[in-house]
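Everything on this sheet refers to the single structure shown next.
Not measured: the values here are computed from a predicted model. Convention: sequence-line order gives letters A, B, ...; per-chain numbering from 1.
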Number of protein chains: 2
Amino acid sequence: MNVEHDTRTRILSTARELFHGRSYADVGIKEICDLAKVQKGSFYHFFPSKQDLALAVIDDMADDWAHGFVAEAFDQNLPPLERLDYMIDAAYYWQKAAKDIEGRMPGCLFGNLALEISTRDDVLRAKLNAVFDKASRRFHEALDQAVELGEIPPLDSEATAAAMLAFLEGIILLAKTRNNPEVIRDLGPAIKTLRIELAHPN
Amino acid sequence: MNVEHDTRTRILSTARELFHGRSYADVGIKEICDLAKVQKGSFYHFFPSKQDLALAVIDDMADDWAHGFVAEAFDQNLPPLERLDYMIDAAYYWQKAAKDIEGRMPGCLFGNLALEISTRDDVLRAKLNAVFDKASRRFHEALDQAVELGEIPPLDSEATAAAMLAFLEGIILLAKTRNNPEVIRDLGPAIKTLRIELAHPN
DNA sequence: CTTCATGTTGACCGACCGGTCATCTATGAA
DNA sequence: TTCATAGATGACCGGTCGGTCAACATGAAG
């Protein structure tokens with residue numbers, strides 16, 4: 001039982017690493033199998049297709065996020081606005097560590113995949129959409145709490161949350177293009193200045 | 001002379017369209033040649049490699065940008081802050097038009113390519129970097145003028161300009177993932193709220 | 001008429017792509 | 001001891017990948 005799952009897990013984590021570090025199209029199944037020390041036939045025993053593998057990889061990474069530093073960043077005990085700084089910091093240190101080890105910034109797996117395949121694969125696009133929605137909800141919640149505590153004036157918290165997520169993805173994109181994680185630290189703090197006012201009720 | 005350049009131009013515009021609508025890896029040279037009605041041998045007469053084609057495509061698109069709506073948006077006669085709105089509007093209408101025609105949002109060619117290949121190809125990454133730098137300078141200039149005119153308090157205009165570019169790329173990424181250009185119109189205006197203060201001189 | 005540069009043609013290359021399949025092995029329940 | 005099931009193996013498939021090449025067309029300069 002442990003052995004069976006081990007093969008699947010090895011495939012999953014290898015694929016995740018390769019997809020993140022390069023791209024979906026650029027990584028072949030053979031390469032994944034070789035690195036994971038799995039035979040091709042075994043691969044297709046666990047995953048019906050490359051698309052299914054991608055779906056599983058997205059789920060895997062999203063789970064790790066949700067239980068990892070995202071859970072820490074959006075800890076309910078942290079003051080709402082500090083969670084934003086925490087999130088930026090986490091992104092920075094993660095990307096910096098990756099660059100220090102491999103020499104290049106992988107960026108955000110979800111953002112990478114989204115831009116690469118969302119015009120070609122609606123299933124994967126929908127999956128990534130759901131991941132972004134969930135992330136957006138974290139920002140949303142933090143903003144609502146900040147308003148409740150009187151830390152910021154009322155605002156369109158749902159739209160602002162989406163804008164913050166977009167900004168986060170944007171600075172990671174720019175940092176990756178510059179291959180310089182410091183971009184995240186330099187621009188990131190501006191996330192707290194983003195504001196979308198509530199629409200006029202009349 | 002016109003005929004010779006015509007072949008090259010046909011390859012270039014076909015490749016640009018396909019790369020933009022799908023991705024770099026997903027579009028083969030044969031497909032480009034077929035659509036452009038060019039023989040493969042002819043292709044390699046004009047472009048030594050697929051990488052060289054990509055470089056030319058980036059240049060081509062950057063030129064069209066610079067002389068097209070970016071020139072309009074950053075028109076010196078426009079009040080600096082209105083240029084930001086103009087830029088957002090232009091992005092929105094472009095993406096909306098593309099989606100209405102083809103059913104899907106292509107996003108930003110530069111952003112797409114940046115995330116797809118900047119970990120694998122330093123030459124292309126550098127090229128895209130230069131494009132982003134140039135775009136950032138437009139924002140920078142607009143911000144400096146806005147400060148000069150007293151429209152906004154002094155700020156770190158260079159960093160804020162980069163943040164604005166990142167935000168623009170971010171909302172296009174999010175809109176593409178949602179396959180909904182309205183995201184650009186809904187979140188875009190928040191670009192004017194972005195601010196990075198000048199660092200303390202001591 | 002020859003020469004040369006610029007383009008064009010389409011067959012061809014080895015490598016790799018995602019995916020299939022028949023065959024074998026290990027395990028555990030009946 | 002038998003049998004079913006889960007998993008592992010590696011050869012194999014048609015198709016596509018980026019790229020090469022020798023032969024040929026065209027047109028202007030000498």
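In this model, the phosphate group of D:dA8 is approached by a side-chain N or O of A:T7 to a distance below 4.0 Å at OP1 or OP2. Put simply, B:Y44 has no side-chain N or O that comes within less than 4.0 Å of OP1 or OP2 on D:dT20.
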Throw together a table of side-chain donor-acceptor distances under 3.5 angstrom for residues 183-190 of chain A, partners on residues two or more places apart or in other chains.
| from | atom 1 | to | atom 2 | distance (Å) |
| --- | --- | --- | --- | --- |
| A:R185 | NE | A:E182 | OE1 | 3.4 |
| A:R185 | NH2 | A:E182 | OE1 | 2.9 |

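Pairs passing the ring pair (Phe, Tyr, Trp, His ring centres under 6.0 Å) check and including a residue from residues 159-179 of chain A, sequence neighbours excluded, do not occur. For residues 101-132 of chain A, every residue pair satisfying the ring pair (Phe, Tyr, Trp, His ring centres under 6.0 Å) rule, not counting sequence neighbours, is listed here: A:W65-A:F110. Under the salt bridge (charged side-chain N to carboxylate O under 4.0 Å, His left out) criterion, the residue pairs touching residues 116-125 of chain A are A:R120-B:D26, A:D122-A:R125, with sequence neighbours excluded. Legend: salt bridge (charged side-chain N to carboxylate O under 4.0 Å, His left out) pairs involving residues 81-90 of chain B, not counting sequence neighbours, sorted by first then second residue: B:D85-B:K192.
The CZ-C1' distance, from A:F47 to C:dT20, rounds to 18 Å in whole Å. At whole-Å resolution of the value, CZ in B:F43 and P in C:dT8 are 13 Å apart. When the P atom of C:dA22 is taken as reference, atom NE2 of A:H45 falls 17 Å away, rounded to whole Å.
When the nucleotides C:dG7, D:dG18, D:dA8 are ranked by their closest atom to the side chain of B:F46, C:dG7 comes out on top.
Residues satisfying the salt bridge (charged side-chain N to carboxylate O under 4.0 Å, His left out) test with B:D59, not counting sequence neighbours, are B:K127. Contacts of A:R16 classified as side chain to side chain donor-acceptor pair (under 3.5 Å), with partners at least two apart in sequence or in another chain: A:D60, A:D64. Residues forming a salt bridge (charged side-chain N to carboxylate O under 4.0 Å, His left out) with A:E148 (at least two apart in sequence, or on another chain): none.
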Nucleotides 10-16 of chain C: which of its N/O atoms have a protein N/O under 3.5 Å away?
| from | atom 1 | to | atom 2 | distance (Å) |
| --- | --- | --- | --- | --- |
| C:dG10 | OP2 | B:Q39 | NE2 | 3.3 |
| C:dG10 | O6 | B:G41 | N | 3.4 |

Which protein N or O atoms sit under 3.5 Å from an N or O of nucleotides 23-25 of chain D?
none

Subject >> B:S49/B:D52 under side-chain hydrogen bond (donor to acceptor under 3.5 Å, both in side chains): CA gap, chis, key distance, verdict >> reply: CA-CA 5 Å; B:S49 73; B:D52 285 280; 2.8 Å; yes
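If you look at B:F139 and B:F74, their ring centroids are closer than 6.0 Å.
At a non-hydrogen distance threshold of 4.0 Å, nothing from residues 23-37 of chain B comes into contact with DNA chain C. Residues from residues 48-58 of chain B placing a heavy atom under 4.0 Å of any atom in DNA chain D, listed by number, are B:S49, B:K50.
Between A:E31 and A:R22 the shortest side-chain heavy-atom distance falls below 4.5 Å.
Atom-to-atom distance recorded for A:L124:CG and B:T177:OG1 is 11.5 Å, nearest 0.5 angstrom.
A donor-acceptor distance shorter than 3.5 angstrom exists from the side chain of A:K176 to the backbone of B:L115, with no hydrogens or angles considered.
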